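What you see is a predicted model, and the numbers here were worked out from it, not measured in a lab. For this chain, numbers begin at 1 and follow the sequence in order.
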Amino acid sequence: MRVWDPFVRVLHWTLVASVAAAWFTREGWGRWHEWIGYATLAVVLLRIVWGFAGPRFARFGAFVRKPTSVWAYAAAALRGRAPRHLGHNPLGGWMIVALVANVVLVTSSGWLYTTDAFWGVAWVGETHDVLAKSLLVLVALHVLGVVATSLAHRENLAASMIHGRKRAADPRDVA
């Protein structure tokens, strides 16, 4: 069944490409790195808008759950008994929030560093560097979660983010 709409999928893979490009241009690329950062911020801002205006599975309200639900899901996942979700599972939903927030912060700190008021200010550059490295940690955890969930539920979640489809709902699945 169709779960991920084309706009979510394009934004997802554009964000992957722009974050990778920003990482690889971090030393000595000057304006290229800055413009890639602006493009990355634009992608995330579009995703935030789509999180409120998009279809069901794109909406934050469909996957951002209460902390109690997240902890219960995490405990079930550690026991190998996490229920399958058609959209994002509770941990995945909060990972999206963490990734989006981190990208907003890293791009904002990068922009701040280019302003006259903060050009060369050590704490701004250090903050940008720490946020960029924390983004890599979040990306690694996201990929690990995708692989673990794919194996646990015997479905290729990365492929579903390409074609937009997931296996039809089972009565035990959570919408």
Side-chain angles (χ1 to χ4, degrees), residues 4-55 57-67 69-71 73-74 77 87-150 157-162 164:
W4 309 119
D5 66 274
F7 198 56
V8 162
R9 298 188 329 260
V10 168
L11 289 175
H12 177 270
W13 294 112
T14 303
L15 185 59
V16 169
S18 65
V19 166
W23 182 259
F24 289 118
T25 61
R26 71 190 183 279
E27 299 289 332
W29 285 78
R31 287 275 187 214
W32 279 97
H33 181 75
E34 288 177 38
W35 285 105
I36 291 166
Y38 297 140
T40 304
L41 179 59
V43 170
V44 168
L45 293 176
L46 285 170
R47 179 60 183 100
I48 291 169
V49 169
W50 203 241
F52 294 103
F57 291 109
R59 291 181 183 253
F60 296 123
F63 61 81
V64 176
R65 305 227 171 56
K66 296 179 201 171
S69 298
V70 177
W71 287 113
Y73 180 87
H88 291 96
N89 66 49
L91 282 174
W94 278 102
M95 177 54 76
I96 301 309
V97 171
L99 286 164
V100 165
N102 189 282
V103 170
V104 168
L105 291 172
V106 76
T107 56
S108 297
S109 66
W111 165 79
L112 193 62
Y113 199 65
T114 68
T115 64
D116 290 340
F118 292 97
W119 174 255
V121 175
W123 71 265
V124 178
E126 291 164 8
T127 299
H128 183 68
D129 187 54
V130 166
L131 288 168
K133 288 175 181 167
S134 68
L135 180 58
L136 289 184
V137 171
L138 289 174
V139 167
L141 290 171
H142 175 60
V143 170
L144 182 65
V146 167
V147 169
T149 303
S150 292
L157 294 178
S160 73
M161 193 50 80
I162 294 170

* To do: Could you please spell out the steps behind the side-chain contact (heavy atoms from CB on, under 4.5 Å) verdict for V103 and L41?
  => CA-CA 7 Å; V103 170; L41 179 59; 5.8 Å; no
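- Put simply, the side chain of W94 gets close to the backbone of R65: a donor and an acceptor are under 3.5 Å apart.
- When side chains are defined from C-beta on, H88 does not count as touching F60, because their heavy atoms never get closer than 4.5 Å.
- Side-chain contact check for W50 versus D5: some heavy-atom pair is nearer than 4.5 Å.
- Heavy atoms of other residues, nucleotides or ligands lying less than 6.0 angstrom from CH2 of W23 number more than 12.
- Looking at heavy atoms from C-beta onward, E34 lies in side-chain contact with T114 at the 4.5 angstrom threshold.
- Heavy atoms of other residues, nucleotides or ligands lying less than 6.0 angstrom from CH2 of W29 number 12 at most.
- Considering every non-hydrogen atom in both N102 and S134, the closest pair reads ND2-OG, 2.8 Å.
- Only one option out of T40, L131, V43, V44 pairs with T107 in a side chain to side chain contact (heavy atoms under 4.5 Å, CB included); it is T40.
- Across all their heavy atoms, W13 and M161 have their closest contact at NE1-O, 3.0 Å.
- If you run side chain to side chain contact (heavy atoms under 4.5 Å, CB included) between T149 and each of N89, L91, L144, only N89 comes through.
- Counting only distance, with no hydrogens or angles, the side chain of R59 and the backbone of F52 share a donor-acceptor pair below 3.5 Å.
- A tilted orientation is assigned to the rings of Y113 and W119, their planes being inclined by 30° to 60°.
- To the nearest 0.5 Å, the span separating CZ on F7 from OG1 on T14 amounts to 9.0 Å.
- The aromatic rings of W123 and F118 sit perpendicular to each other, their planes meeting at more than 60°, with 30° as the lower class boundary.
- The shortest heavy-atom contact between A58 and V8 is CB-CG2, 3.5 Å.
- Of the possible polar contacts, one joining the H128 side chain to the G110 backbone as a donor-acceptor pair under 3.5 Å is found.
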